[in-house]
Number of protein chains: 2
Amino acid sequence: MVLRRTDSFGYMVNHLARLFARALERRIQPYGLSPGQFPVLLALWEREGLTQAELCRIVQIEQPTMANTLNRMERDGLIRREPDPNDGRRSLIHLTARARDLEEPATAAARTVNQTAIKGLSEEEQAELRRLIGVMIVNLERDSGL
Amino acid sequence: MVLRRTDSFGYMVNHLARLFARALERRIQPYGLSPGQFPVLLALWEREGLTQAELCRIVQIEQPTMANTLNRMERDGLIRREPDPNDGRRSLIHLTARARDLEEPATAAARTVNQTAIKGLSEEEQAELRRLIGVMIVNLERDSGL
DNA sequence: GCCGCTTGCATAGCAAGCTATATTGATTGT
DNA sequence: ACAATCAATATAGCTTGCTATGCAAGCGGC
């Protein structure tokens, strides 16, 4: 059996992920945001004062990656780290006013990208797609030992 | 409308792509390969003597990314760059014996990853998934101006 | 009370992706 | 034939992801 790049799921998914990232980047760059910051912002718009470890769990990103992303967000004036009075090891991540103000335009941009991607697909097809992607995620998470 | 990270296609696809990359990496690392090299190898196992620009078109990667990947592959003894006698600007990319010998085990590893990901899905579901991902790819390619 | 484990975060170092720009060789129009 | 343009590659500099490792703060048992 030949392994054709063009119909390997791994290749297709990688390609698609890069297209998503580029499409999002184009639309949030005007707000001074970048794609990797987006899931972090989503979590913090929902609830502030999370720790780095909590953000890792929510966003499903390894801790050093999160540390670096948070550094860039701090540098860019999106978050502040406030030392946790109850635990000297942690700090609690809070949004700046600027980051709070970006919730509306930034989520609108993200919705636009999603809409663009699924243009032409029925509600049923979208649901099926979500389900099938979910199956692959679960399969690969199990494979990697959770 | 709230934007939920967990059912945004952009987020899911990004997450899935990272899982694919990690699963592949785990399996090809013993051969001294890394995931980014894989599509390049697939193209070269099929036909050697491609130029960098041709590889970019086939693999759908920007030229500077390809240049760096080829540098690492040359460093790792997977390819040689031979100057094109007909055009002083290009070089033709050839595999080393080592890279040729890796075709069997490496493609087997990639097939295993794909099989793992789609475990539990019927042939029809797989075909539908391929089709739906293809739609998103086309949609986003059009969006990004080809 | 303190010794050792666990937990939270930081740092180092690398791969792979991107945009923007420079460089050098080929081609083309006059 | 040579200037201008185009094409192929290289380089710089950034983000986002990873693993491996270090370090300091908290906690549990004795």
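None of the values given here were measured: they were computed from a predicted structure. Reminder, nothing fancy here: chain letters follow the sequence lines and each chain counts from 1.
Looking only at side-chain heavy atoms (C-beta outward), B:Pro35 and B:Glu25 come within less than 4.5 Å of each other. Side chains of A:Leu41 and A:Leu33 form a contact here, defined as non-hydrogen atoms less than 4.5 Å apart. In this structure, A:Glu54 and A:Val59 have side chains that are not in contact, with every pair of non-hydrogen atoms separated by 4.5 Å or more. A:Arg27 has its side chain within reach of B:Asp143: a pair of non-hydrogen atoms, C-beta onward, lies under 4.5 Å apart. Residues B:Leu50 and B:Leu44 have side chains in contact (heavy-atom distance under 4.5 Å, counting atoms from C-beta outward). Within the 4.5 Å cutoff, the side chain of B:Thr51 has no heavy atoms near those of the B:Ile93 side chain.
Atom pair A:Met66:CE and D:dG17:P shows a separation of 9 Å (rounding to whole Å applied). A:His15 has its NE2 atom 18 Å from the P atom of C:dA16, to the nearest Å. Following rounding to the nearest Å, B:Leu33 (CG) and D:dC18 (C1') show an atom-to-atom distance of 17 Å. Per the geometry, CZ belonging to A:Arg90 stands 18 Å off P belonging to C:dT6, to the nearest Å. Protein atom CZ of A:Phe20 is 18 Å distant from nucleotide atom P of C:dG17, rounded to whole Å. Taking atom CG of residue B:Leu70 and atom P of nucleotide C:dA15, one finds them 14 Å apart after rounding to whole Å. Distance B:Leu55 CG to C:dA16 C1': 16 Å, rounded to the nearest Å. Remark: P of D:dT9 and CD of B:Glu82 are 14 Å apart, rounded to the nearest angstrom.
An OP1 or OP2 oxygen of D:dC18 is reached within less than 4.0 angstrom by a side-chain nitrogen or oxygen of B:Arg18. Between A:Arg22 and C:dG17, a side-chain N or O to OP1/OP2 separation shorter than 4.0 Å is absent. Distances shown here put a side-chain N or O of B:Asn14 below 4.0 Å from the OP1 or OP2 atom of D:dG17. Put simply, A:Arg57 has no side-chain N or O that comes within less than 4.0 Å of OP1 or OP2 on C:dT7. Proximity of B:Thr65 to the phosphate of C:dC18: a side-chain N or O atom is located under 4.0 Å from OP1 or OP2.
With hydrogens and angles left out, the side chain of A:Gln63 and the base of C:dA10 share a donor-acceptor pair within 3.5 Å. Between the side chain of A:Arg89 and the base of D:dA24, no donor-acceptor pair under 3.5 Å is found.
Distance from the side chain of A:Ile61 is smallest to D:dC18 among D:dT15, D:dC18, D:dT9. In this structure, the nucleotide among C:dA16, C:dG17, D:dT11 sitting nearest to the side chain of B:Ser34 is C:dA16. Closest to the side chain of B:Pro64, out of D:dA8, C:dC18, C:dC9, is C:dC18. In the set C:dA26, D:dA10, D:dT16, the nucleotide with an atom closest to the side chain of B:Asp87 is C:dA26.
A:Asp84 comes within 4.0 angstrom of nothing in the nucleic acid, heavy atoms only. Here A:Asp76 lies out of heavy-atom contact (under 4.0 Å) with every strand. Counting any heavy atom pair closer than 4.0 Å across all strands shown, A:Thr69 reaches no nucleic acid atom. Contacts of A:Arg72 with the nucleic acid, taken as non-hydrogen atoms under 4.0 Å apart, include base atoms. Residue B:Arg26 is classed as having no contact, given no heavy-atom separation below 4.0 Å to the nucleic acid. Using a 4.0 Å heavy-atom criterion, one finds that A:Gln37 contacts the sugar-phosphate atoms exclusively. Residue-level contact check: B:Arg75 touches the backbone only, with heavy atoms under 4.0 Å from sugar-phosphate atoms and none from bases.
Comparing B:Gln52 and A:Glu25, the nucleotide of DNA chain D nearest to each residue sits closer to the 5' end for B:Gln52. When each of B:Gly36 and A:Thr51 is assigned the nucleotide of DNA chain C with its nearest heavy atom, A:Thr51 is the one assigned upstream, toward the 5' end.
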For A:Asn14 and A:Arg18: C-alpha separation, side-chain torsions, deciding distance, then whether side chain to side chain donor-acceptor pair (under 3.5 Å) applies. CA-CA 6 Å; A:Asn14 171 274; A:Arg18 288 185 285 120; 3.0 Å; yes
